Amino acid sequence: MSAAYQPRAIEGKWQQKWEATQLYRATVDWDKPKHYALTMLPYPSGDLHIGHWFAMTPSDARARWMRMKGYNVLFPMGFDAFGLPAEQAAISRNIHPWKWTYANIERMREQLRSMGAMFDWEREAISCTPEYYKWSEWFFKRFYENGIAYRGSALVNWSESLQTVLANEQVIDGKDERTGQPVIHKMMEQWFFAITKYADELLNFEGLDWPNAIRIMQTNWIGRSEGARATFHTADGGHKIEIYTTRPDTLWGATFMVLAPEHDLVSKITTAEKRAAVERYIDEVAVETEVERMKEHREKTGVFTGAYAINPVNEERIPIWIADYVMITYGTGAIMAVPAHDQRDFEFARAHDLEIRVVIQPEAMQEPLQAADMDAAYDGPGTMVNSAPMDGSVSSQAKGRANAAISRVLDWLEATGKGQEAVNYRLHDWLISRQRYWGGPIPMMYEGGEIIPVPDAELPVELPEDVDFMPTGRSPLTYHEPFYKVDATRRRETDTLDTFMCSSWYQLRYLSPRCDSAPFDPEEAAYWLPVDVYTGGAEHAVMHLLYTRFFTKVLRDIGVYDDAAAAMRRHGRDPAGAFDEPMTVLRNQGQVLGAERQGDFVLCSGAQAGEKLLARRVEVVDWNAVPAGFDGVFGEIAHRTENVLHVTMAGVTQFVEVLPSAEVIIPDIPGENTVNQLRHHLDIQRMSKSKGNVVNPDELVEQYGADVVRCYLMFNFDWQKGGPWNENNIKGPQGWLHDVWEIVAAGAPTGSGDPAAERDIERKLHQTIAVIDRGLEAFSFNTAIAEQMKFKNAFKAALRAGGIGAGFWQETVSAMIRLLAPFAPHIAEECWERLGGDYSVHTQPWLEYDAEKAREDTVELVVMINGKPRETIAVAADIAREQAQELALASAAAQRSLGGKPPKRSIFIPGRNKTSPKVNIVL
RNA sequence: GCCUCCGUAGCUCAGGGGUAGAGCGCUCCCUUGGUAAGGGCGAGGUCAUGAGUUCAAAUCUCAUCGGAGGCUCCA
C-alpha cells in the first residue's frame, strides 16, 4: 500500500467498478424492506455548483446508511429539463434548446458521478424527452376528463419581459421570481388546474413528517378563512353585489361599499355624471404595477360611483365606491366597509369623509365609544350595538364559529336568507399554460369554439425541432404552421405546460423510466411508493412541494394508482394511505453562502475637513491594535469607494479620503502599497457569478478528492441551516481521512495489546455507533462525523500507547471503515479491500449498537456542595444511591463544608448515557 | 405589523436541569527522509441580557435585545 492517501488514485477506480458491477442498481424485492430516498432533481443549467453537492451528498450518505441497515434503497437522479433558460440560450446564442439541454445533461452527469453517490442511473428520467412528456400530456388529459384541468378566463400575471403568463406562486412582491421584472395583471383565457378543490385536504399534514416552516408557509399560502357571504343589491334593484367578510358581526356597521376597480359591475352601476371620474381612476390603477400597488402606507385613494346599495341587514342606503385597496383577486372583489372596526376602511372613510358607525362596544369602556373620538378602527372584543336584532351579542376575538356573536349572526343570515356561512381561500387555481416553446405541449385542439383533446393514441404531441427563435420572445410554435395546423378546421394549442407540472410526478417516472404503456409500472409503484425521505431546498415550499401533493391526490382520486394498490394487496401490503401524499418525510437543507471577510483594521492620520478626514497616512494593523494616544480615525474598513474609506468603530462610521500622496502601509504585502490593496468588509451573501464568490466543486474535487469534499460539507455546516463557505476548515475532514488511511496503511500492531485499553476502545466504538445513528436519523451529519473524529483520535492514541493487539486492531479498524463508508465511500472501499474484506464495503451490514459494550465500568462520582462541583471519586458505574451518598458525605470536600453538622439534604443523581453520577449536598 | 426558527470558544457547529465539548484557528515545544506535512503541550467561554421556578439553570418559563426566514391593504 502506497504510503500517502491520494484520492485521485482511488476515486475514479471505484466509481468505475461500482458502475461495472451495478452496485447501486435497485430492484424490487418483496422480501426486503424498501426505502425510497429522493433528492430534488436539478435543472440542467450546465454546471454543477457546490449547492448541488451540499444538497445531494449528505442525502447520499443517509441513503447508504439505510442500505447498510438492511433496506432495499432506491436513490434515483434525473433532470428537470424544460424551462426558460434553454429557450433564452436559443434566442441569444442561436443554440437549439435540445442541443443546449442535452450538452448540459451530459456534462452534469459526469460531474454527478464524481460525487461518488449511489444514484441508480438505470432509472434516470429527463422531463424534456418525448418518452417523459408523453405522460405529462396523458396526465393533462386525465385531469381534463375529470374536471381538474379547465380553460377559463382570469386576471393573470403577465410578464412583459418573458412574454408569458406566470402562476401566482412564481410572482414574488409583484415581480417575476426569475428575472425580478415587474408583472402586470391582465385578463386572459388560460388553462388552469383546480387546485382549490383540494385546498382543505392540502391543509391537512397529518402523518407527514415535514418541517414546520414548510407547513406554515403552505398553510399561509392556502389562506383559509371562515366567515360569511352576503348579497347586497343596488338601490335601484338592478344588480346584486356579493361580498365576503370574516366579521359578519359588524354587518350593521357597514356605511359604504367598495368594489375593486376591475370589478365587472363597475361599468354597469356607475352613474352618468360620475363616469368620467371613475374611468379616469380605473385607467390610473390599470397602469400601476403590482409593486406600486403593494407599497405600504400609501394613501387610500378611490372614487364614488354615484350608485347606492341597500345593506340587507338593516335596509340602509349606502354609497358604492371603487378603490384600489380592494383586490379583485381576493374574495368576491367587493367589500362591505365597516370603518369603525376595520383599519383600512377607517382610513378610507377619514380620507373621503364617510360615516363611521360603532357597532361593537368595548366592554372595558365606561362611556360608549364615539366615532368622532376614534383615531383608529377598533377590532377588539365587545358587545354588539346598533345592530338590532343582534344587540347584546358578545363578540370575542375568536374567529369564525368560535365567536358567539359571529355564530349567532351566521345562523340569522342563513335563516333569513340574507347570506350564508362561507369559507374563503387565498389560494387560486394553478395557472398551467405558458406562452413558450420549451415545455411540454398541451394535448388539446380547437375547432370553432370547441376544445378537442388529442386522442391518446396520438400522444405525445411532439415539439417540432425545425423552429425559428425570434428575439420578440414569442413562442415559435405560434407561427409554426405544420405544428399548429392540424387540418383545415382544427388548430393545435400552442401554449405549453408549466415546468412545475413535469416535476410534480417525476418521483413516479423514476420507478420505470422506460415504461411505454403507462406513466409508471404499477408493480414498481406497489413496492416503492411513497417516497420515504425527500430532501431539497425550502424555496419550493409553495410551488413544487404544494403542487406535487396536489398532483398525488388527484392521481389517487382519478384511479391512476388502482393497479398499484391491487399489486400491493397481492403482496400482502395494505394500500390504505399509501397514495395520499407523495413524500412522507421532508427535510430542507440550508444554503451555502459566499464567504465573509473582515475588513482591514486601519489607523488613519491627517487633517479633518468637515465630515471627513483627509488622510496622509493609512496603516493596516492587527485587529484593534490602537497605540495609546492615537488621535486619528481608526477602525475596520466597512466599505471602500475608490479612495474614500468608510471606517467603522463600535458602530460609528467615519469617512476617510485617502490623499493621492498618502502613505499606505500594509505589512502583509511587501513593497509599496496603494489604496486599492486595502480590503473592505465582505458580507455573507449568496454565491453568484457577479459577486465572484462562487465555489467550483470540480476544482475542489481535483485538489482534495470527493470524499474530503463530501465530509467537509457534512461536517462544517448544520445541514438544515447552511452557512458561509470557509475553505480553511476543509483541513479538519482532510486530516481525519488522512489519519484513517494511515491507520489502515500501517497495518496491525505486533504487540499483544492491553485488555483494559481494548475494552476502552470497544466502549468508545459503541458509543460512537449510537451517536452516528442518532445523527443520521436526525440529518445531523456534522455530529455523526465529529464523533467519528473523536473515535479516531482515541484509537490513534491507544495505538501509540501500544494498548492494541493485532486481533482487536483488525476488528476495530474493520468497524471503523464500515462506519465511514456512508460518508466517504471511496476511501472506505479502498481500505476495506486492503483489510481483506469482500466487495463491497457498501453491502456490508451496519454495526449494531450494543448498550452493554457501550457501558462505562467505572465513573467519576461528582460531589457537589450547594450545586457546585467540588470533588470527584472513582466508583462503579452502577453505584447504588445509599452507597454514593455515603461516599459523598465522607469526602474531604463534604467534611470541610459540613464542619460536623448534618446536611440539610443530599440528592443523588444517577449517571445516564454519558453523564457521571452525582451527589448534591445542600447545607 | 403578524407568524416561525435561532443567539454556546476567534470561526463553523454539537450538547441541553447535575464537572462546558469537537474541528479549524491561535501560543509554545519537537520532527525536518510521510514535508504545500507530522507529533506534543497549552491558552481561550459569567453558554445574548434580565427576572422567575429549582437543592441545582447554559439547559425549563417569562420579558428584553440581536439575527435569519416566511406572510402582508387577505376584507
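Proteins come first, then strands; the chains are lettered A, B, ... in the order of their sequence lines, and each starts at number 1. Everything quoted here is computed from the prediction, not taken from an experiment.
- Atom CH2 of A:W210 and atom C1' of B:rC5 are 19 Å apart (whole Å).
- Here the nucleotide nearest the side chain of A:N793, chosen from B:rG34, B:rG23, B:rC74, is B:rG23.
- Residue A:M789 places its side chain closer to B:rG23 than to any other of B:rA75, B:rG23, B:rG21.
- For A:W736 and A:Y712, the distance between ring centers is not under 6.0 angstrom.
- In this structure, A:N212 atom CG and B:rU4 atom P are separated by 9 Å, rounded to whole Å.
- Between A:F348 and A:Y325, the gap from one ring centroid to the other is short of 6.0 Å.
- Of all nucleotides listed (B:rC74, B:rC73, B:rG40), B:rC73 comes nearest to the side chain of A:K300.
- Relative to the six-membered ring of A:W252, A:R357 misses at least one condition, a distance below 6.0 Å or an angle of at most 45° to the axis.
- Look at the P atom in both B:rU12 and B:rG38: the space between them is 24 Å, to the nearest Å.
- The glycosidic torsion of B:rG34 lies within 90° of 0, which places this base in the syn conformation.
- Rounded to an integer number of Å, the gap from A:D718 CG to B:rU8 C1' is 14 Å.
- The cationic atom of A:R62 (NZ for Lys, CZ for Arg) lies less than 6.0 Å from the six-membered ring centre of A:F779 and within 45° of the ring axis.
- Out of B:rA22, B:rC24, B:rG39, the shortest distance to the side chain of A:K790 is found at B:rA22.
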